[in-house]
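For this chain, numbers begin at 1 and follow the sequence in order.
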Amino acid sequence: MEKHQIIFACTAVFILLFYNESVGINLSIFGVLLTLLISYFFQEKFVDRSHLVLVVTSILSCFAFAWYGDAASFFALALSILFLQFKTQDGELKTIQVFPLIILNGFTSIGRIFMFSQWLPERKIHNDFAKKLVAFVVIPVIFLGLFFIVYSFGSDHFSSLFTDYELDINMPQLIAMCILGFYISFSFWNYWVPDVCYQYNPKLNNEFTNISEVKNQNTFSFLDLDFERKSGEITLVLLNIMLLVFIGTYNYEQFFEIKDTAAKMSELSAATHERVNSVIFSILMAVGVILFYFKGGFNFDKNATLLKTLAKIWIFLNGILIVSTFVKNSEYISSFGLTYKRLGVYAFLILSLIGLVYTFLKIKKQKTNAYLVNQMVWYFYGTVLLCSYINWGNLVTNYNISVNKGLEPTFLSGLNFNDEARREYFVKNNLNGGYNEEMREKLISNYQNENFLSKALYYEFLDKKK
């Protein structure tokens, strides 16, 4: 099956799935179709285990969206299928390049559609083709139209055979679905990778390829390597001292400072989030410092032993800061219950710790800065998958009920996919979530009354509220 045939086939399927429908199960079906088409038509390019993993995660993400139909499962579905397509078609390119290519093709596909020679096969028209077209189609249609007009004036019943009915078609929506379906199918199956991506790709390798040049490469033209190395050592010594002081004051404020027992929960929450934000920026800046000093020559400099040691101490101290924040977040949850934000703090801290581990390995194994980025892309992707597969709203609700914390009705009604536990708890304690609960129940009712292709299956297994 040629590329243009796949594009038109996927466009037709898209129209059938989405015409007069909202986004729901239809997107999952379309995602499964794309995954199966990639697996079938390009199976010879499935050369390593990562292709099979991406096929599995793509199918699972489609099922997750069919069940939940939320933003997290949508991004998991989109990233899974795009990663699979990208790794299958251009496996030599680094996965990080998929993000700018999505944006680039989103704009360029509009113009490339009209470059027919790039995606439509050339077909030679024989001399007798035009004759057959005129003789067998054009002339009969012209005469048929003329006689239809004449006969219509002579017989109302004859005219009514062709005019007294209307097609139940929403023409504007049909046209919109045709355009959108073709645009998505074209962008997916005929995406464009500029030459600059292939030229830049070697710079995204995990290993240095020109070690001899890198060894003598300095960051600033006015500083030689000895001065730059000494500058890095002084900087890291001062940063380590400052971080030690910060860890001490941070942990004192978090664990030992006497708090005003009359303080409002909102004030405690704001203070905690402010400290967590400081830790977030600290970790990002810490990784940035390491990447700045070890982007090139100092990875192979025999005189940079002290610099490497100071960098590893810097990584270790930032690890201590992460652990302290992790403990404090756990303490905060035990006092006030779970929320999405507190779960998000856990996610960021775990990703940060993984990032520090790979930063340490980058220095130890003399890897490029791109090594860290290439590794973290997959952990970010794994985080998106985890967010889409697990019912976090129900987890938060059941945990808070079990510990009797964080049970404000408006808060519980604002969580997603916790409806059975929330309804049971509200009935048992005669509670009402107000506007949030009203909106939540309205959303459930709307999904339950949708056509099958527009549904999210989660709501089909909920009892209708009496």
Original post:
Cut-off 3.5 Å, side chains only: do S330 and Y346 have a donor facing an acceptor?
Top reply: yes
Subject >> Aromatic contact, F336 with Y332 (centres under 6.0 Å) >> reply: yes
Subject >> Centroid-centroid under 6.0 Å between F8 and W189 rings >> reply: no
[atom1] ([X]) with more than 12 external heavy atoms under 6.0 Å:
| X | atom1 | value |
| --- | --- | --- |
| Q89 | CD | yes |
| F380 | CZ | no |
| Y458 | OH | yes |
| M439 | CE | yes |
| D48 | CG | yes |
| Y183 | OH | yes |
| E424 | CD | no |

**OP:** Return the set of residues passing ring-ring contact (aromatic ring centres under 6.0 Å, His included) with Y191 (not counting sequence neighbours), or none when no residue passes.
**Re:** none
Subject >> F246: partners by ring-ring contact (aromatic ring centres under 6.0 Å, His included), with sequence neighbours left out >> reply: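 If we apply the ring-ring contact (aromatic ring centres under 6.0 Å, His included) test to F246, skipping adjacent residues, the hits are Y250.
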**OP:** State which residues pass side chain to side chain contact (heavy atoms under 4.5 Å, CB included) with N206; sequence neighbours excluded, sorted by chain then number.
**Re:** Y371, N374, Q375
Original post:
What side-chain hydrogen bond (donor to acceptor under 3.5 Å, both in side chains) pairs are there with at least one residue in residues 350-365, not counting sequence neighbours?
Top reply: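 Only Y358-Y379, K362-N369 qualify under side-chain hydrogen bond (donor to acceptor under 3.5 Å, both in side chains).
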Original post:
If you look only at pairs with a residue in residues 395-404, which of them pass as a side-chain hydrogen bond (donor to acceptor under 3.5 Å, both in side chains), with sequence neighbours excluded?
Top reply: T397-N418
Original post:
So do the side chains of R440 and L443 get within less than 4.5 Å of each other, counting heavy atoms only?
Top reply: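 Answer yes - side chains close enough.
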Original post:
Is there a side-chain contact between F316 and L243, using heavy atoms and a 4.5 Å cut-off?
Top reply: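 The answer is no, as the side chains (C-beta and beyond) never meet within the 4.5 Å cut-off.
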**OP:** Kindly write out the residues that satisfy salt bridge (charged side-chain N to carboxylate O under 4.0 Å, His left out) with E437, not counting sequence neighbours, or none if the list is empty.
**Re:**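 Scan of E437 (salt bridge (charged side-chain N to carboxylate O under 4.0 Å, His left out), adjacent residues dropped) gives R422, K465.
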